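Everything on this sheet refers to the single structure shown next.
Bear in mind the structure is a predicted one, so any value in this text is a computation, not a measurement.
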Amino acid sequence: MFDRDLWREIFQSINMNRTRTLLSGFTVTFAILLFAILFGITNGLTNTFDEAFKDDATNSIFINSGRTTQANKGLQAGRQIQFKNEDYDYIKKEFGDKVQFITARVYKNVNASFQNEKNSYSVRAVHPDHQYLENTKVTQGRYINQLDLNENTKVVVIGRLVENDLFLKTTAIGKYINLNGIQYKVVGVFEDDGGDNEERLIYMPISTAQQIYGNNDYIDQINLTYNPAMGYDQAIAFSGLLTKKLKDRFSVAESDQRAVRVRNLANEAKGINQMTTGLGMIVLVIGFGTLIAGVVGISNIMIFIVKERTKEIGIRKALGASPKSIVSIILMESIFITVIAGFLGLVIGMGVLELVGPSLEKFFIKDPKVSLSLVVSATVTLIAAGGIAGYLPAKKASKIKPIVALRDD
């Protein structure tokens, strides 16, 4: 039940001791404010790293070929290493249990047209698994399938912006698009979080491209994703083994860094994970250190308050006040100040992040927000601590004999 007299006394006490109240409140407000900002900035850095990897599967490995820079096994330097279908098949067979998805790529540039609309685009000829490596989202129709590869069908899947450029008055699905004088049926339209450049691409079956553009089985690049069950160290060891096997296959010197190049996102992901974990731990220590400082500050101030009000407590007890009522008034005052100050720190912290968030992107901090539940939990922790900080000295004070309290100077 609401006790008006109790709250009147609390507000009178706060009004008579404004400096003390402000100091108590500032300690809590600053603790929650700093806690929110620190965790918001950490989340912003994490968001930046996530953004950098969102276009590709995070467990991707990219395999490229180049020219040898060193002579090896009687072969001269300067040889061009050329991947072929048999190399794709070799990797798929040799490392089957370690590979989740795998695709080869052939790159071409084409002039595309539909009716009176024309433009130039890049073509990627791929296997069906490519959809999962690029996180491609098919919004209309379908993606390339195994039947397309088997039958060398002249079909394409186009990006959203290709459809916008060429198909102004109709939808693209089922229509035929002219690529360098050859008609291809559009069987799908896709979107890609990688941005406009990714959505101006055209995908076709790799077997079709090999037959039409060169009549060979050459491959420009091989991409795969490793088994997600692997940890970072296992994935890095796997790419090392893959590199060694491919170098042996093409008689490339082990120290030659240009002939066969394998880029494993696990290396980058491991480094980023270690950095964000370390940063998170530092922020956690600082954040909780700030909360502890707030708790200590409240405790010290409450001890001072009780000491300051010792004579008042003695008078109350002499007039018949129960220990419970004395504890209640001090405890309620402590909790009330903590709640108001904590809420203020929460609002200011969230407001600062919202206000300065857009300007922090140039410092690689994207969308620096903090979970409301996390900050509320921290605030509740401080409120509980404020209650405990007020209860202990209040309980002690309530046991003081009236005559002892009235003698206190």
(message) Taking salt bridge (charged side-chain N to carboxylate O under 4.0 Å, His left out) as the definition, give me every residue that meets it alongside Arg8, ordered by chain and number, with sequence neighbours left out.
(response) Asp5
(message) Closer than 3.5 angstrom, by distance alone: can the side chain of Asn59 be matched with the main-chain N or O of Tyr226 as a donor-acceptor pair?
(response) yes
(request) Could you list all the salt bridge (Lys or Arg N to Asp or Glu O under 4.0 Å) pairs where at least one residue sits in residues 164-180, not counting sequence neighbours? (result) Asp165-Arg200
(message) Tell me every residue that passes side chain to side chain contact (heavy atoms under 4.5 Å, CB included) with Gln221, counting only those two or more places apart in sequence or in another chain.
(response) Phe62, Asn64, Arg105, Tyr107, Asn223
(request) To the nearest 0.5 Å, tell me how far Ile206 CD1 sits from Arg124 CZ. (result) 12.5 Å
(message) Please enumerate all residues that pass side chain to side chain donor-acceptor pair (under 3.5 Å) together with Arg142, with sequence neighbours excluded.
(response) Asp148
(request) Only counting residues at least two apart or in another chain, list the ones meeting side chain to side chain donor-acceptor pair (under 3.5 Å) with Tyr176. (result) none
(message) For the OG1 atom of Thr243 and the CG atom of Asp248, what is their distance to the nearest 0.5 Å?
(response) 11.0 Å
(message) Can you give me the closest heavy-atom contact between Val252 and Ala259, atom names plus distance?
(response) CG1-CB, 3.6 Å
(message) Among residues at least two apart in sequence or on other chains, which ones pass side chain to side chain contact (heavy atoms under 4.5 Å, CB included) with Glu86?
(response) Lys84, Arg249
(request) Could you grab the distance from atom CG of Asn264 to atom OG of Ser60, nearest 0.5 Å is fine? (result) 9.0 Å
(request) State which residues pass ring pair (Phe, Tyr, Trp, His ring centres under 6.0 Å) with Phe238; sequence neighbours excluded, sorted by chain then number. (result) Phe95
(request) Please identify each residue that fulfils side chain to side chain donor-acceptor pair (under 3.5 Å) with Ser251, with sequence neighbours left out. (result) none
(message) Determine whether the aromatic ring centres of residues Phe83 and Phe250 are separated by less than 6.0 angstrom.
(response) yes
(request) Tell me, please, which residues at least two apart from Leu166 pass side chain to side chain contact (heavy atoms under 4.5 Å, CB included). (result) Ala112, Phe114, Glu117, Asn119, Tyr121, Val162, Ile177
(request) Could you tell me whether the side chains of Ser122 and Asn109 share a donor-acceptor contact shorter than 3.5 Å? (result) yes
(message) Run the side chain to side chain donor-acceptor pair (under 3.5 Å) test against Asn43 and tell me which residues pass, sequence neighbours left out.
(response) none
(message) With no hydrogens and no angle check, just 3.5 Å: does a side-chain donor-acceptor pair link Thr171 and Gln140?
(response) no
Mind listing the side-chain donor-acceptor pairs of residues 228-236 below 3.5 Å, one per line with the distance, residues two or more places apart or on another chain?
unit_1 : atom_1 : unit_2 : atom_2 : d
Asp233 : OD1    : Lys270 : NZ     : 2.5
Gln234 : OE1    : Gly231 : N      : 2.9

(request) Please list, chain by chain and in numerical order, all residues satisfying side chain to side chain contact (heavy atoms under 4.5 Å, CB included) with Lys92, sequence neighbours excluded. (result) Tyr88, Ile102
